[in-house]
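All heavy atoms count here, side chains included; hydrogens, waters and symmetry mates do not. The sequence lines fix the lettering, A, B, ..., with proteins before strands; numbering per chain opens at 1.
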Amino acid sequence: MSHSKRLNFLVLALGGTTIAFLLYALNWTKAAELGDLPAILTVAGNFHPILLHLPIGVFLYLAFAEAWNFLDRACFKRGQIKGGLPILAFGTVTAVLAAFAGLLLYLQGDYSGDLINDHMNWGTAFAVSSVIVFCCALIFSAHAQVYRIVLFLSIIALTVAAHQGGLITHGDPLEPLFKEESITVAAKPIEAITSYEVVDKIFQAKCYDCHSVGKKKKGGLLMDSYEALLAGGKKGNALVPGSLEASKISTYPHLPLEDDLHMPPEGKPQLADEELEFIDAWILAGATPDARLIDEELPEALYNWAVIYMETDLIRAEPELNVPEEKELVDLAQFINEVEQHATNSLSRVGPDGQHLVFSALNVRDTFNETGVEALIGAAPYLIEIDLSYTSLRTDAVAELLRETAQLKRLNLSGTEVDQQITEALATIETLESLVLFEAQLTADSIAALSNLTQLNSLYLAGTNLSLIQLEQIHQLLPDVEVVDDHFLSKHKP
Amino acid sequence: MSQSPLEQLRDYSSRRTFLKKSLTSLGAFAVGDLLANTAGQNIWKGTLENGTHLKPKVKRVIHLCMAGGPSHLETFDYKPELERLHGKPMPESFTKGEQLAQLQGKNLNIMGPNFGFSRHGESGMLVNNQFPHIASISDEIAVVRSMYTEQINHDPAHTFFNTGSIIPGRPCMGSWTLYGLGSTSANLPGYVVLTSEGGGQAQPISSKQWHNGFLPSKFQGVQLQSKGDPVYYVKNPNGVDRDAQGNLIQTINKLNHMQLEASHDKEIAARIAQYELAFKMQASVPELTDFSKESKHVLDLYGCTPGDGSFASNCLMARRLAERGVRFIQLYHRGWDHHGGLAKNFPVAANHVDQGTAALIKDLKMRGMLEDTLVIWGGEFGRTPMAQGSGRDHHIKGFSVFFAGGGIKGGTVYGSTDELGYSAVENPTSIHDLHMTMLHLLGVDHTRHTFRFQGRDFRLTDVHGKLIKGILA
């Protein structure tokens with residue numbers, strides 16, 4: 001059978017050449033400089049994603065056919081290889097073409113990292129093995145076992161290469177199976193967070209798929225490190241600190257969505273307004289890798305956004321640290337209803353959770369009486385300010401109200417009578433910062449007691465019946481208190 | 001205030017018809033929901049009635065608006081270099097391509113400060129000698145020398161100063177304040193405006209400067225007359241006593257209630273409230289304007305006869321309004337537009353304003369009220385370092401404003417202009433920053449204090465506003 005032998009020789013020679021050429025191309029590609037391919041080769045490389053699916057189908061079919069043959073043989077007689085030869089030839093040719101196209105695609109320079117390196121190795125290995133399978137099918141047509149073994153090996157190479165290719169393009173299909181709540185981010189106090197970390201987190205979520213080591217390097221740009229941003233890509237500078245116009249990480253996202261250069265590309269998750277605003281602010285502030293977030297001069301809203309954006313990780317990492325302590329909120333509305341029956345528009349809630357009350361009798365100076373004070377006593381622990389100026393209340397009622405307060409900061413008793421009961425109650429209010437006694441009528445005992453109010457920041461005594469000597473004494477005994485009396489005017493004459 | 005957009009639209013559209021139909025001069029502020037009032041609720045409370053965003057430092061604001069634009073170079077911003085170069089041409093590097101008002105295309109020569117400056121107080125603050133009274137309280141005030149604005153003519157600049165927008169029709173800062181914090185006075189409007197003039201050409205001030213824009217109309221400013229009856233027709237006519245007037249109002253309101261039940265028209269409820277507050281004001285306004293209990297040394301402090309229409313009289317009125325729970329008070333003094341005759345007229349304007357301003361701050365201080373009041377003093381812009389004949393032109397790139405009161409660090413000078421007083425160079429401070437800081441001191445977070453109108457959340461500071469930390473205690 002010399003004809004057959006010559007054919008076998010021809011096939012072996014052709015197969016060997018192909019394999020040698022493939023291996024040479026692989027080595028050459030890995031060492032080659034990336035980018036700047038002739039257009040025709042770029043187009044050829046772009047066909048890799050189409051070509052690669054053809055041998056996958058073919059080889060899986062051949063494996064299926066062998067399984068079929070095995071069952072067939074068990075029941076009848078051995079199956080046929082030769083019927084599969086044309087399709088095997090097709091699979092082998094497309095596998096080799098796909099491998100070459102893949103190498104060309106790599107040469108475009110959009111990919112980098114270990115994964116792509118492995119993918120090239122395994123893809124080439126598969127192309128080589130497909131040639132071997134074809135040769136074996138021809139040469140050892142009488143020994144189907146050989147064919148089956150090499151086919152099996154080639155399918156292993158195929159599976160590995162195809163899985164890696166899939167990882168690069170589409171991510172891990174099995175990820176949902178192994179997904180766990182991310183607990184990798186270490187809890188960081190806000191002082192330790194740099195602005196670049198915020199920016200990097202945005203990039204991780206929206207840009208890494210196409211611009212990071214181990215994934216893709218589209219446009220020759222990596223965005224997974226500060227140095228990579230400064231290095232830029234094929235289209236020019238990605239980051240020029242201080243200049244939005246020169247930094248493509250700002251200009252491209254600002255382009256209209258329809259624009260070909262707009263990033264992230266249409267159809268991919270886009271940057272949120274705040275994310276883009278933050279990136280811009282970072283660039284304008286000088287885009288340093290280590291400036292702390294708290295030191296940046298950011299608009300308050302943007303800063304708050306960034307804090308929340310970064311803290312989502314903290315919450316996931318150590319939830320117990322970030323759940324705010326449940327404060328028991330008191331419903332102060334009941335007090336308002338009750339008190340305002342005696343004094344319209346007199347009680348207001350202030351502070352972030354409305355847990356402080358400010359009382360003023362200014363609308364009812366003539367009519368506010370002891371019954372009203374009694375209604376107010378329930379609210380006293382929450383009062384931080386009381387204005388009873390120019391009311392005519394009994395001093396014991398006022399003193400009782402004052403004794404019930406717990407966090408009073410400011411008290412206005414202008415134009416009222418102030419006696420010892422009141423000053424004694426005042427001495428116990430350590431939170432009191434400001435006491436207004438303008439035009440108040442003070443009893444002799446209470447005047448003496450004023451000197452005990454060392455907790456005050458300011459004390460207003462103008463228009464009172466205090467003598468010059470008494471005032472002088474108070475000034476001396478309360479050196480840290482700003483005492484404002486009638487002499488304020490003479491001290492501030494033009 | 002959670003109204004649906006439709007309800008807001010109805011309120012907005014019918015407010016205008018309501019004002020048109022309104023017969024009395026009180027119509028502007030008496031809008032409210034009387035039904036809610038009779039049910040024991042207070043119609044004057046604001047959106048933050050269940051708590052403010054921040055701990056408030058002040059309860060009220062008194063804005064002393066020096067309308068016309070006083071020269072910063074003759075008030076708080078002393079420039080020796082300007083003195084040295086008096087009469088010389090302004091270096092082109094300052095003015096090339098700049099927007100100028102009336103000096104556009106004219107010869108630009110430098111005008112040195114017309115009056116001297118002296119150091120005052122413990123801080124040694126430089127204050128122009130035309131303001132001896134204000135100088136005497138220099139330890140109570142914080143001057144920002146680096147303000148800038150965006151509009152170079154009076155009306156738009158006032159609009160920007162009041163609303164944070166150059167587009168007329170936005171709510172002013174007084175309305176924003178009331179919308180959030182409500183009014184503390186049960187018998188007077190929560191936002192009152194008074195005007196005075198003297199010392200220069202009195203440019204008109206339009207009532208849109210205290211307009212509520214798209215906010216509920218009960219929060220707009222109410223102008224009281226500086227002279228004579230502060231509110232027209234506030235007294236009952238001869239032969240009508242308070243009981244008779246009360247009976248009349250009650251009967252009218254009963255009829256209006258019947259109509260309200262039939263039609264559910266909110267503007268009828270508003271009308272009912274209007275009658276009620278007007279009736280209350282018939283009692284509260286005479287008490288407000290009864291100056292007989294003001295002691296002589298207080299009147300001497302202000303140096304005025306109450307109700308004489310002067311700025312000082314308005315300052316005294318401002319203190320009385322503040323005492324009675326009015327939350328936002330604006331006094332406009334129209335007399336600072338010194339395009340010419342600055343050397344002659346500026347001292348006149350200064351004399352009108354100086355004593356009243358200082359008296360108000362001293363008076364508040366004595367009564368312990370300065371520590372929960374924010375006083376803002378300043379014009380809508382400044383004036384050029386370049387001469388316009390014998391005066392100065394409008395100038396927006398740098399001017400001075402001062403603050404006093406709760407949370408303010410007295411004796412502070414913040415920011416600066418360049419050596420010729422042209423541009424704010426150190427800590428440039430915008431009107432938005434002023435608004436943000438004002439709201440901050442009132443306990444309001446400017447980013448959360450919004451109103452949805454025409455599909456957008458509006459706020460006083462739009463998308464701007466930085467805290468002027470340097471002036472805070």
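In terms of modelled atom types and a separation under 3.5 Å, the side chain of B:Asn50 and the main chain of A:Gly354 share no donor-acceptor contact.
In this structure, no portion of B:Gln355 lies under 4.5 Å from any heavy atom of chain A. There is no contact between B:Leu467 and chain A, counting heavy-atom distances below 4.5 Å. Only the side chain of B:Asp445 comes within contact range of chain A, with at least one heavy atom under 4.5 Å from a heavy atom of that chain. Heavy-atom distances place no part of A:Ser389 under 4.5 Å from chain B, backbone and side chain included. Heavy atoms closer than 4.5 Å to chain B are found in the side chain of A:Val484, but not in its backbone. The part of A:Asp485 that comes within reach of chain B is its backbone (N, CA, C, O), which places non-hydrogen atoms under 4.5 angstrom from that chain. Looking at A:Ile336, only its side chain comes within 4.5 Å of chain B, counting heavy atoms on both sides. If you measure heavy-atom distances from B:Ala135 to chain A, you find no contacts under 4.5 Å at all. Using a 4.5 Å cut-off between heavy atoms, A:Glu482 contacts chain B through its side chain alone, with no backbone atom that close. Looking at A:Pro299, neither its backbone nor its side chain comes within 4.5 Å of chain B, counting heavy atoms on both sides. Within the 4.5 angstrom heavy-atom criterion, no atom of A:Leu298 approaches chain B.
At least one side-chain heavy atom of A:Asn363 sits under 4.5 Å from a side-chain heavy atom of B:Ser185. Counting only heavy atoms from C-beta outward, the side chains of B:His297 and A:Leu489 approach each other to under 4.5 Å. Residues A:Val358 and B:Lys59 form a side-chain contact, since some pair of their non-hydrogen atoms from C-beta on lies under 4.5 Å apart.
Atom NZ of A:Lys491 has more than 12 neighbouring heavy atoms from other residues, nucleotides or ligands inside a 6.0 Å radius.
With respect to chain A, the highest number of heavy-atom pairs below 4.5 Å among B:Asn187, B:Thr447, B:Thr184 belongs to B:Thr184. Ranking B:Gly443, B:Gly465, B:Gly182, B:Pro56 against chain A, the residue ahead of the rest is B:Pro56, based on heavy-atom pairs under 4.5 Å. Interface remark: of the candidates A:His492, A:Glu385, A:Arg410, A:Arg410 forms the most heavy-atom pairs closer than 4.5 Å to chain B. For chain A, the option among B:Lys365, B:His53, B:Lys362 with the highest count of heavy-atom pairs below 4.5 Å is B:Lys365. When each of B:Met366, B:Lys55, B:Met369 is checked for heavy-atom pairs under 4.5 Å with chain A, B:Met366 comes out on top. Of the residues considered (A:Gly463, A:Ala333, A:Ser434), A:Ser434 shows the highest number of contacts with chain B, using heavy-atom pairs under 4.5 Å.
Shortest non-hydrogen contact noted between A:Leu362 and B:Arg324 is CD1-O, 3.2 Å. Summarising the geometry of A:Pro494 relative to B:Pro132, their closest heavy-atom pair is CB-O, 3.6 Å, with the distance given to 0.1 Å.
Using a 4.0 Å cut-off between charged nitrogen and carboxylate oxygen, B:Glu323 and A:Arg365 do not count as a salt-bridge pair.
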